[in-house]
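Both ligands and their constituent atoms are indexed starting at 1 by order of listing.
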Amino acid sequence: MPQLTDQVMVESIDKLKKEKQALILAHNYQILPVQHVADFIGDSLQLAQQAEKAHAAIILFCGVRFMAETAKLLNPDSRVLLSHADAGCPMADMITAEKLRQFKAEHPGAVVVCYVNSTVEVKAESDICCTSSNVIKIIKSIPKGKPILFVPDQNLGQYAAWKTRRKIITWNGYCNVHHHKITLRNIEEARRRWPGYTLIVHPETPPEVFRQADVIASTKGMADYAKNHDNLIIGTETGLVKQLQQLYPHKNIKALSQKAVCINMKRTSMRDVLLTLLEERNEIIIEPETARRALVSVQRMLDLS
Ligand code: 13P
Ligand code: SF4
């Protein structure tokens, strides 16, 4: 394909969307031009809910693989395309279905909660799914006294244990971006540079970080908070910070860490959006029995959300 200007790509994407009855969903961490061509931008829960109610021949998912898989589970009648074939989530790959079966065997009778950042095979082995915005509600729905296993994110599991005062046995997975690129030192520096600002962090950050925050929220929670507040320091992937800075140019919105960049979320370019839609490539196909079992855990979550 020849070099096209952004404007030509936007027009071509819009034309293809109409011709193919396609809907574009984009996560808050996508680059801004991709967010701008999307029909809906949001956090993991919002995007799953949008996918479920979509009446589209094609859903083009601009995000990472587990998100597109969740969309396919919830909307098997639409063809779901992932915006870049290599856009995965390394944390989701930190546990396999086989390892989860071993973990369950070590803790018989436990309820298995899987973060939505997991493969479809892991969801199929789990009892109930959760996202960062509903994890507290999901944990509270489990009868008291039941042992709880939480996979794959140790930090989100520890955040939920702290907030609900429930005993949760966590898998040792983590998001490299939130676990390693957002640190206590970033907080010390930010507090010194911007005194009086509100510090909001994502619950994928480690406990020593989230315990220092004024607000802990999913990316949607952060966006909602920014609607009505000013002077914010945001501790998550920089795509959301850029979105909010563009949306509210007169507000003071700072990134807690400029290094918090998810390379997988940043793989999708405008060219990828155009070519994926044009060639209808990177279609998500899920083995039917795995899909049936995984849907049970996702549907239980949505019924509680
Ligand atoms: P949200 O559901 O808060 O958007 O988080 C998704 C994610 O991958 C965070 O790293
Ligand atoms: Fe996965 Fe972390 Fe990227 Fe989110 S930011 S998609 S958890 S690697």
Problem - Sequence neighbours excluded - side-chain hydrogen bond (donor to acceptor under 3.5 Å, both in side chains) pairs with any residue from residues 219-228 - result: Asn28-Thr219, Lys220-Asp224, Asp224-Lys227
Handout entry: Whether His202 lies under 4.0 Å from ligand 1, heavy atom
Key = yes
Practice task
Examine Asn28 against ligand 1 and note whether any of their N/O atoms are separated by less than 3.5 Å.
Solution key: no
Handout entry: Proximity flag His27 to ligand 1, non-hydrogen atoms under 4.0 Å
Key = yes
Handout entry: Contact check: Thr131 vs ligand 1, nitrogen or oxygen atoms, below 3.5 angstrom
Key = no
Problem - Top protein contact for atom 2 (O) of ligand 1, by heavy-atom distance - result: Ser44 OG, 2.8 Å
Handout entry: Under the ring-ring contact (aromatic ring centres under 6.0 Å, His included) test, residues paired with His179 that sit two or more places apart
Key = Tyr174
Practice task
Enumerate the protein N/O/S atoms at a distance below 2.8 Å from atom 2 (Fe) of ligand 2, ignoring waters.
Solution key: Cys175 SG
Problem - Cationic N near anionic O, under 4.0 Å, Glu69 to Lys72 - result: no
Practice task
Record the part of His178 in heavy-atom contact with ligand 1 below 4.0 Å; permitted values are side chain, backbone, both and neither.
Solution key: side chain
Problem - Pairwise distance CZ(Phe210) to CG(Leu199) - rounded to 0.5 angstrom - result: 13.0 Å
Problem - Mode of Ser132 contact toward ligand 1 - side chain, backbone, both, neither (heavy atoms, under 4.0 Å) - result: side chain
Handout entry: Residue list, side chain to side chain donor-acceptor pair (under 3.5 Å) with Ser78, at least two apart or on another chain
Key = Asn75
